[in-house]
Participant: 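Structure incoming, see below.
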Number of protein chains: 2
Amino acid sequence: MSADPLILAQDRFIAVWGQMSGAWGISRTMAEVHALLYITGEAMCTDDIMERLEISRGNASMSLRSLLDWGIVERAHKRGDRKEYFSAEQDVWALFRAIVRERIAREVDPLLASLHEIRDMTPTDRARRGEAIPEMLRDSAEAHNKRLDNMLEFFQVLERLGNRFVSPAGRGLQMAATLLSKMDPGGPRP
Amino acid sequence: MSADPLILAQDRFIAVWGQMSGAWGISRTMAEVHALLYITGEAMCTDDIMERLEISRGNASMSLRSLLDWGIVERAHKRGDRKEYFSAEQDVWALFRAIVRERIAREVDPLLASLHEIRDMTPTDRARRGEAIPEMLRDSAEAHNKRLDNMLEFFQVLERLGNRFVSPAGRGLQMAATLLSKMDPGGPRP
DNA sequence: CTTGTCTTTCAGAATATTCTGAAAGTTAGT
DNA sequence: ACTAACTTTCAGAATATTCTGAAAGACAAG
């Protein structure tokens, strides 16, 4: 059997990364496939992956497709070989920029849209000027709207931050480095 | 039935927040209970929650316990009433500081520990000075270690950032504001 | 110590997610 | 156009997660 420490370390990495799958909002197998491609640094074909991870062809195919959709794995080809090969982004910062980009698109944007819709469901002074609303109802509606606005504001800031992190290639690292070096533990300096 | 727009808006908010549950790594019901407490702004007892969300007593009890563990819901008491009441943190930034704090503790810290362990599984020049290792193996081990180190570096930065965001009360907001105001779209200025 | 009120627990049921494998689909080469 | 090599799809199986409800536990008041 394989007592090769490199293989063992790879397997352990794959297992650990698989456990993090929940944190990225992807399935365990997707994470394991990604881990395998990342940690070996090699381009592999479907059969290589099936064999190493002991998963079915269908599962491998679907996981690879999803990883391609997320933009963190890309197709590769070997000359004289009809098979498709796949390789993972090796730049860790680029990897996480891709993850943040997808999660903003899949989670934050739809949430903001929903929150705006909900915001439009309750009447306010602004919305209906002259119309009479029982005072008690108006008060609780205003408190409700304030709570919604606080949420909205938070996610708008989050989205702007995320887009800043994601946008031009390579900025994520600089942003983090700047943050950590320019701010002392007590907070930002003037 | 209730055509009260406020109730309808609350229900919609609860549903939307419930769908985000995956993003925070909590169950749908936990998120719905939290949403209910947040959007109504009221302290409610188990029976109130069971009735409004149409869930079982056991589910309500467990969800509330978990929310207490996360530190985003707290116990409250009403005089002359033996029942326990629960209310959600109303400061949105405090809410997300709590979430970040928990996720660092539950996900990032264990991951860093595992990555360090994995880092120690492969021999390097540093680790075993004189011992002979086949050249090919040594090269691939070094590439492997570099990949691990890149991951480690990323998560160390992430953890420091997270802790900065979380630490003294109120800093999260300032940090985000600083980020957004001090950096132009092209990147940080000297 | 007993009762009544409220809370927690947990085995099994219900639900949701993920995986398999065989069949259908696709494409390159001849 | 046919074949061989490879990829994708998807219904049903396997697995994992979440929920229920009844029983047990906890605690204050009398």
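In what follows, every heavy atom counts, from backbone to side chain, and hydrogens, waters and symmetry copies are set aside. Order of the sequence lines fixes the chain letters, A, B, ..., with proteins taken first and strands second; residue numbering starts at 1 for each chain. All figures in this text were calculated on a predicted structure; none of them were measured in a lab.
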Participant: Nearest whole Å is fine: how far is D/dT20 P from B/I49 CD1?
Facilitator: 14 Å
Participant: Count the heavy atoms belonging to other residues, nucleotides or ligands that lie under 6.0 Å from CD of A/E74, then report whether that count exceeds 12.
Facilitator: no
Participant: When you measure from the side-chain N and O atoms of A/T29 to the phosphate of C/dC19, is any distance below 4.0 Å, counting only OP1 and OP2?
Facilitator: yes
Participant: Heavy-atom nearest nucleotide on DNA chain D for A/R28 versus A/F86: which residue maps closer to 5'?
Facilitator: A/F86
Participant: Rounded to the nearest angstrom, tell me the gap between atom CZ in B/R65 and atom C1' in C/dT9.
Facilitator: 10 Å
Participant: Write down the distance between CG (B/L53) and C1' (D/dT18), rounded to a whole number of angstrom.
Facilitator: 15 Å
Participant: Is there a side-chain contact between B/S56 and the phosphate of D/dC19, meaning an N or O under 4.0 Å from OP1 or OP2?
Facilitator: no
Participant: Looking at the side chain of B/T46, which of C/dA28, D/dC27, C/dT7 is the nearest nucleotide?
Facilitator: C/dT7
Participant: Tell me whether the side-chain N or O atoms of B/R57 pair up with the base of C/dT7 as donor and acceptor below 3.5 Å, since no angle test is needed here.
Facilitator: no
Participant: Would you call the rings of A/F155 and B/F96 parallel, tilted or perpendicular if under 30° counts as parallel and over 60° as perpendicular?
Facilitator: perpendicular
Participant: Whole Å only: how far is the CG atom of A/N59 from the P atom of D/dT8?
Facilitator: 13 Å
Participant: Hey, which of these two, A/G58 or B/G58, hits DNA chain D nearer its 5' end, going by closest nucleotide?
Facilitator: A/G58
Participant: To the nearest angstrom, how far is B/Q19 atom CD from C/dT17 atom P?
Facilitator: 11 Å
Participant: Supply the atom-to-atom distance B/Y85 OH to B/M44 CE, rounded to the nearest 0.5 angstrom.
Facilitator: 10.0 Å
Participant: Looking only at side-chain atoms of B/S27, point me to the closest of D/dT9, D/dC19, C/dT9.
Facilitator: D/dC19
Participant: What nucleotide, of D/dC6, C/dT9, D/dT20, holds the atom closest to the side chain of B/I55?
Facilitator: D/dT20
Participant: So if I take every side-chain heavy atom of A/K83 and compare against D/dC6, C/dC10, D/dC19, which nucleotide ends up nearest?
Facilitator: D/dC6
Participant: Which nucleotide in the set C/dT7, D/dT20, D/dT8 lies at the smallest distance from any side-chain heavy atom of B/E84?
Facilitator: C/dT7
Participant: Please give, in whole Å, the distance from D/dT17 P to B/M30 CE?
Facilitator: 15 Å
Participant: Does a sphere of radius 6.0 Å around CD in A/Q156 hold more than 12 heavy atoms from other residues, nucleotides or ligands, not counting ones at 6.0 Å or beyond?
Facilitator: yes
Participant: Check A/I39 against B/R147 and note the closest heavy-atom contact, atom names and distance.
Facilitator: O-NE, 2.9 Å
Participant: Please report the distance, rounded to the nearest Å, between CE in B/M50 and C1' in C/dT5.
Facilitator: 14 Å
Participant: Of the candidate nucleotides D/dA5, C/dG4, D/dC10, which contains the atom at the shortest distance from the side chain of B/R82?
Facilitator: C/dG4
Participant: Write down the distance between CG (B/D48) and C1' (C/dC6), rounded to a whole number of angstrom.
Facilitator: 13 Å
